[in-house]
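First up is the structure itself, then whatever we jot down about it.
In this chain, residues are counted from 1 in sequence order. All values reported here derive from a predicted model rather than from experimental measurement. The figures here come from the full heavy-atom set of this structure, side chains too, leaving out hydrogens, waters and symmetry mates.
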Amino acid sequence: MNLYEFFNHKSYYLYKKRWEVELFFKWMKQHLKIKSFWGNSINAVKVQVY
């Protein structure tokens, strides 16, 4: 694997993982009836979900 293939593979992997995160937040908003999040920290999301 050369350097170009490595970066190409890495960028694909990162995009795929980012898309999984987007789908997870979409699911959370739909099923937990959350219109928007109160904050950007982990604690803010935990408080709002629980």
Side-chain angles (χ1 to χ4, degrees):
M1 177 183 289
N2 63 24
L3 192 58
Y4 176 76
E5 290 172 345
F6 172 76
F7 284 117
N8 194 16
H9 180 332
K10 195 67 164 173
S11 63
Y12 168 78
Y13 175 78
L14 292 173
Y15 181 79
K16 181 181 174 190
K17 291 300 174 186
R18 180 179 176 266
W19 188 246
E20 290 174 5
V21 170
E22 294 289 334
L23 291 176
F24 171 71
F25 277 99
K26 179 182 177 184
W27 179 89
M28 273 185 43
K29 286 183 173 184
Q30 288 176 342
H31 288 81
L32 300 177
K33 306 295 187 224
I34 297 173
K35 297 251 185 226
S36 64
F37 291 104
W38 295 338
N40 294 331
S41 70
I42 294 173
N43 286 338
V45 175
K46 284 181 181 180
V47 167
Q48 188 173 4
V49 171
Y50 296 117

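Under the 4.5 angstrom side-chain criterion for Ile, Leu, Val, Met, Phe, Trp and Tyr, Tyr12 has no cluster partners at all.
Taking the side-chain hydrogen bond (donor to acceptor under 3.5 Å, both in side chains) definition, one finds that Lys46 meets it with nothing, sequence neighbours left out. With sequence neighbours excluded, no residue forms a salt bridge (Lys or Arg N to Asp or Glu O under 4.0 Å) with Glu5. Lys26 is linked by a salt bridge (Lys or Arg N to Asp or Glu O under 4.0 Å) to nothing, counting only residues two or more places apart in sequence or in another chain. Partners of Trp19 according to the side-chain hydrogen bond (donor to acceptor under 3.5 Å, both in side chains) rule, which considers only residues two or more places apart in sequence or in another chain, do not exist here.
Sorted by first and then second residue, the side-chain hydrogen bond (donor to acceptor under 3.5 Å, both in side chains) pairs involving residues 32-45 (not counting sequence neighbours) form an empty list.
No single ILVMFWY cluster, assembled from side-chain heavy atoms under 4.5 Å apart, contains both Phe6 and Tyr13. The same ILVMFWY cluster, assembled from side-chain heavy atoms under 4.5 Å apart, contains both Ile34 and Phe25. No chain of hydrophobic side-chain contacts below 4.5 Å, direct or via other Ile, Leu, Val, Met, Phe, Trp or Tyr residues, connects Leu14 to Val21.
Other residues, nucleotides and ligands contribute over 12 non-hydrogen atoms within 6.0 Å of the CG atom of Leu23.
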